Enquirer: 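This is the structure, below, for whatever I ask next.
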Amino acid sequence: MPPNGALDAALARMINLDESLERVQTLRDEIGLRVHLATEDAKAEWNALQPKLLDAEQRLVSAASHEAQQLLNQLLLRLVKLNALIDGG
């Protein structure tokens, strides 16, 4: 059994991963509902992001790894920027 510190760190990573995934899914759903009203640049970014989102979710289902967390964080950043673009910012 790992020491408590290692267990705590693993649990924190899992919680962080779950929170990140939940945030990505929420933004994905919100943007999906609003993107038809957005600029062509925003629509193009949305079309580019959709396959990457699906890939990230599939990777997370199969193995919650550091690589998956990094990918999720990158996608989250792009979704936040796209959300701001749609909002006119």
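Since we're looking at a predicted model, the values are computed, not measured. What's counted below: heavy atoms across the whole structure, side chains too, no hydrogens, waters or symmetry copies.
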Enquirer: Grouping I, L, V, M, F, W and Y whenever their side-chain heavy atoms are under 4.5 Å apart, do Val80 and Val35 come out in a common cluster?
Expert: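 Linked within one cluster.
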
Enquirer: How long is the span from the CG atom in Leu82 to the CG atom in Leu75, to the nearest 0.5 Å?
Expert: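 These two atoms lie 11.5 Å from each other.
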
Enquirer: So Arg78 and Lys52, side-chain contact (heavy atoms from CB on, under 4.5 Å) or not? Walk me through it.
Expert: CA-CA 11 Å; Arg78 287 180 67 183; Lys52 294 178 188 308; 3.6 Å; yes

Enquirer: Between Lys43 and Ala38, which heavy-atom pair has the shortest distance, and what is it?
Expert: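 Here Lys43 and Ala38 meet closest at CE-O, 3.3 Å.
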
Enquirer: Run the side-chain contact (heavy atoms from CB on, under 4.5 Å) test against Lys81 and tell me which residues pass, sequence neighbours left out.
Expert: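 By the side-chain contact (heavy atoms from CB on, under 4.5 Å) rule, Lys81 matches Leu77.
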
Enquirer: Atom CG in Asp55, atom CG in Leu49: separation rounded to 0.5 Å?
Expert: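 That separation rounds to 12.0 Å.
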
Enquirer: Roughly how far, to the nearest 0.5 Å, is OG1 of Thr26 from CG of Asn83?
Expert: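 Taking CG in Asn83 and OG1 in Thr26, the distance rounds to 11.0 Å.
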
Enquirer: Just how far is it from atom CD1 of Ile86 to atom CG of Leu37, taken to the nearest 0.5 Å?
Expert: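 Interatomic distance, Ile86 CD1 to Leu37 CG, rounded to 0.5 Å: 9.0 Å.
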
Enquirer: Sort and list the pairs that fulfil salt bridge (charged side-chain N to carboxylate O under 4.0 Å, His left out) and have at least one residue in residues 20-30, not counting sequence neighbours.
Expert: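 Listed by first then second residue: Arg28-Glu57.
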
Enquirer: Check Ser20 against Asn73 and note the closest heavy-atom contact, atom names and distance.
Expert: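 Result for this residue pair: OG-OD1, 3.7 Å.
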
Enquirer: If the condition is side-chain contact (heavy atoms from CB on, under 4.5 Å), which residues does Gln50 pass it with, not counting sequence neighbours?
Expert: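 For Gln50 the side-chain contact (heavy atoms from CB on, under 4.5 Å) partners, ignoring immediate neighbours, are Trp46, Asn47.
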
Enquirer: Hey, what do you get for CD1 (Ile31) to CG (Leu79), rounding to the nearest 0.5 Å?
Expert: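 Atom-to-atom, Ile31:CD1 and Leu79:CG are 4.5 Å apart.
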
